[in-house]
Amino acid sequence: MKLLLLLLCLGLTLVCGHEEEASFERGNLDVDKLNGDWFSIVMASDKREKIEENGSMRVFVQHIDVLENSLGFKFHIKENGVCTEFSLVAYKMENDGEYFVEYDGENTFTILKTDYNNYVMFHLVSVKNGETFQLMELYGRTKDLSSDTKVKFAKLCKAHGITRDNIIDLTKTDRCLQARG
Ligand SMILES: *[C@@H]1O[C@H](CO)[C@@H](O)[C@H](O)[C@H]1NC(C)=O
């Protein structure tokens, strides 16, 4: 009987735990809910120099504006030790959750996973002069995220062929937080 109860509890925990994780997985993206402030938490790329210090893709998000057919991003980038603000507009493509943005090449990205209130994960493919690389990003509503979410993100990176060495936790670096309004 005790064992039965234990199993029942375990079962319920699994069910409840699962419900908490309910999140977008392609096909039911409510993009409006991505509007608002975000922080760059973790970044990964199969071309590591792009996300290393002074790399063009090492940009720190502050805000996403969800517009009719686009997403407006407000970022900071650190150049010569100075944090500079800039904005980009990413245009909605045919597929749900897929966008195009011109920035140091032609970039197509998809929203891989989000729970809207805590995190969002992106996968981007960048093409410039015939060369291609991948970039993956984890944004949080807060300055840091649980290690659970970071592990989940690392698994997604691995699934896209990006190794652990090429994943950078930005929370331990200067993310231009002081430059946010
Ligand atoms: C990045 O740029 C700054 C300023 O030019 C320089 O001091 C620093 O060494 C650079 N970092 C790397 C990793 O190249």
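Just follow the structure's listing: the first ligand is 1, and inside any ligand the first atom is 1. Side-chain atoms are counted along with the backbone in the values below, which use heavy atoms only and exclude waters and symmetry mates.
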Applying side-chain contact (heavy atoms from CB on, under 4.5 Å), run through Asn118 and Thr149 and close with a yes or a no.
CA-CA 9 Å; Asn118 297 290; Thr149 306; over 6 Å; no
Would you give me the side-chain donor-acceptor pairs under 3.5 Å for residues 71-79, sequence neighbours excluded?
from	atom 1	to	atom 2	distance (Å)
His76	NE2	Ala179	O	3.4
Lys78	NZ	Asp174	OD2	2.8

Identify the protein atoms, limited to N or O, that lie within less than 3.5 Å of an N or O atom of ligand 1, and list each pair with its distance to 0.1 Å.
from	atom 1	to	atom 2	distance (Å)
ligand 1	2 (O)	Asn54	OD1	3.1
ligand 1	2 (O)	Asn54	ND2	2.4
ligand 1	5 (O)	Asn80	OD1	3.4
ligand 1	11 (N)	Glu53	OE1	3.3
ligand 1	11 (N)	Asn54	ND2	2.9
ligand 1	14 (O)	Asn54	ND2	3.4

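- Asn166 and Ser45 share no side-chain donor-acceptor pair at under 3.5 Å.
- Neither Met93 nor Leu88 shares a network with the other; the hydrophobic side chains, linked directly or stepwise wherever heavy atoms of I, L, V, M, F, W or Y lie under 4.5 Å apart, form separate groups for each.
- In this structure, Arg180 forms no cation-pi arrangement with Phe60, as its terminal cationic atom is not both closer than 6.0 Å to the ring centre and no more than 45° off the ring axis.
- Between Met43 and the choices Thr173, Ile167, Ile51, Leu138, the side-chain contact (heavy atoms from CB on, under 4.5 Å) rule is met once, by Ile51.
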